[in-house]
Amino acid sequence: MQAEWEELARRNWLEESDSQQKPIPPSVSPGYYFSTTNPFRDQPNAFIEGQEKARQGDLNAAVLLLEAAILQDPNDAEAWQMLGTTQAENENEQAAIASLQRCLELRPNNLQALMALAVSFTNSGLLREACDALRRWIRHNHRYRHLVQDSRGPTSPLQDVLLLFQEAALLNVDGVDPDLQTGLGVLYNLSSEFDKAVEAFSAALSVRPQDYLLWNRLGATLANGNRSQEAVEAYSRALELQPGFIRSRYNLGISCINLGAHREAVSNFLTALNQQRRSQSCSQQQMSANIWAALRIAISMMDRPELFQAANMGDLDLLMAAFQVGDL
Amino acid sequence: MKRLRLVVVGAGVVGFSTAVCIAEALPLCSVTLLSEKFSPDTTSDGAAGILFAAEFPDVPLERQRRWFKDSFDHLLAIAQSQHAPDAGVMLSSGCQIFKEVPANKTPFWSDLVIGFRIMADGELKRFPDHKFGQAFTSIKCECSSYLPWLEKRFREAGGQVEQRKVNSLQELSDGFDLIVNCSGLGSKELVGDAGVYPVRGQVLQVEAPWLNHFIRDGDGKTYIYPGIHSVTIGGTRQEGDWRLHVDKGDTQNILERCARLEPSLKKAKVLSEWVGLRPSRRNPRVERERVQLQGCMVPVVHNYGHGGWGVTIAWGTALDALELVRKCIQEMPQKAKL
């Protein structure tokens, strides 16, 4: 039964399991579960250092430092935002959503947090919530807020917001707004118009070619539109720019499974899990359940029962040795 | 958060067994059972529901044995529990007799029932037309109680039940991610299977509380099955016959044939008559496929075509269907994250 549970969690039919983590202290934010042991709890300059760790791609250390910053000042909206985007990069969608929501409670007009939240809702299959976040993004954006009307007649929430973003794009005759294009890409993902979403993310990348988040979004869109081969190229670009980007490595593994390259898939999942574990003082609880579940799927397709057993036991060292995966 | 939505089509013994297996094993899926007809109006409701089997020609014997054993063990556990009266499941002893000695004296299921033995000549004396017999204890599962009991169990596992005729799989592609087809004879229309055909069966319920042992003629046309409230006697095997109304000629014929085996039935009062169409097929179809529905490839697990052996192997084939559902889930395309 546990296998099915994770199976479903992996596919977003359920919320991800945070069951290993005990909530402390619940008064700070009811939706976010802090790590039980945090070596950086009283670290001065925790936010600055967390930001630096995130930039370096050490996502686990970044998460702990940002949590410390928030425990020191629960109303630090910027820290909540950073924690949210870092958790998303670290393949922990539920934690990302809780953090971003807290950030927006403190600062409702934070455009980056709204966009990140829309992405997380989209990944979780929450269409209405994703549309709502993007509508708020337009409403708080001084360039486009005048487009928002009270009533557009009986259209679906998705069509409604999509029209807003399309009208907004028409305003930009003299150049591309990469954030607007990102929103469009998310909306086309929601409507399963993957080719249009690819165009939108590509347009955004023409302005920000070094944005590894955009490369991953382009890759995920290609993958969900059954273009796994091209997706691999986009993920590879993202990982060149940011080798510690756990989400993109997880996505790359998924594409490898879909292309039948099970060994490469396993290798990517093991690398991601090892990166999550590697940070000092981080125990197993920091590893994503859905990466473990995807790893088990990939190994189950290789007809290696002894390794499947190791995956079930969560024996990362044995698996890394068996597949000769080293530290990056 | 979105959950995987499964639909089971069909509310006979195969449909409800499959729905219960899935809902209990995959508690985080949402399972809906759709059917045009429910107990007491299904084909299963009229079945005598005694467990033994004939061999299907093209299914590996090991698989048939497993279907039989899983079903038998499942129902035996119910028969020996406090749920027996509610579920309508009881142990039943008796014999199967043959006019000619069969080529295979010990069928594949002989070691799966209780106390199987070849009958002694002395025991066969009362059946002058018959030369050979097998005596054993099996299980009688009465679907008029068993189906409502399964439905309750299904609902307790979070399952939802809806009365609705499904005309095509297309109708289901919007609301469900995975379809399980247990529509029996309905599969002829629903999935265009020309290999499904009816084998008409007529039975009578009679009042004969003095009878405790079942008797079945090996040709499958004449049988006497004492049950919890009455005795089911039958029957007919009319291939390709779609008539659902009672045939008075058949009734007369059944009474005569059964009275030849059990003369005391002449004293029994006929309580009711019933006709059902066995959903027959050369072999039951327990397999999965992917069907293109409105531009999407939707996994479909089939579990139908059990003929007159639905009650006998329902639970076993339901467990197979569950495994197929698991495989479908594992192979569903995995979503990449933005």
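All chains are named by letter (A, B, ...) in the order of the sequence lines, taking the proteins before the strands, and each is independently numbered beginning at 1.
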Item to check | Choice from Gly219(A), Ser120(A), Ala220(A), Ser248(A) maximising heavy atom contacts with chain B below 4.5 Å | outcome: Ala220(A)

Checklist entry - Tell me the ring-ring contact (aromatic ring centres under 6.0 Å, His included) pairs involving residues 223-249 of chain A, sequence neighbours left out? => result Tyr212(A)-Phe245(A)

Residues 69-78 of chain B, side-chain donor-acceptor partners within the protein, below 3.5 Å, at least two apart:
from     : atom 1 : to        : atom 2 : distance (Å)
Lys69(B) : NZ     : Asp73(B)  : OD2    : 2.7
Ser71(B) : OG     : Trp67(B)  : O      : 2.8
Ser71(B) : OG     : Thr312(B) : O      : 3.1
Ser71(B) : OG     : Trp315(B) : N      : 3.4
Ser71(B) : OG     : Gly316(B) : N      : 2.9
His74(B) : NE2    : Tyr146(B) : OH     : 2.9

Checklist entry - Within a reach of under 6.0 Å around CD of Glu240(A), are more than 12 heavy atoms found that belong to other residues, nucleotides or ligands? => result yes

Checklist outcome for this item: Within residues 178-193 of chain A, the residues sitting under 4.5 Å from chain B by heavy atom, in sequence order, are Val186(A), Asn189(A)

Item to check | Residues that Trp215(A) engages under ring pair (Phe, Tyr, Trp, His ring centres under 6.0 Å), provided they are two or more places apart | outcome: none

Item to check | Inter-residue atom distance Leu338(B).CG - Thr122(A).OG1, 0.5 Å rounding | outcome: 6.5 Å

Checklist entry - Does atom CZ of Arg128(A) have more than 12 heavy-atom neighbours from other groups under 6.0 Å away? => result no

Next on the checklist: Need one label for Leu218(A): side chain, backbone, both or neither, based on atoms under 4.5 Å from any heavy atom in chain B.
Outcome noted: neither

Checklist entry - With a cut-off of 6.0 Å (strictly less than), are more than 12 heavy atoms of other residues, nucleotides or ligands near CD of Glu287(B)? => result yes

Item to check | Glu171(B), CD atom: more than 12 neighbouring heavy atoms under 6.0 Å | outcome: yes

Item to check | From Asn251(A) atom CG to Lys337(B) atom NZ, the distance as rounded to the nearest 0.5 Å | outcome: 8.0 Å

Item to check | Side-chain (Asn224(A)) to main-chain (Ala336(B)) donor-acceptor, under 3.5 angstrom | outcome: yes

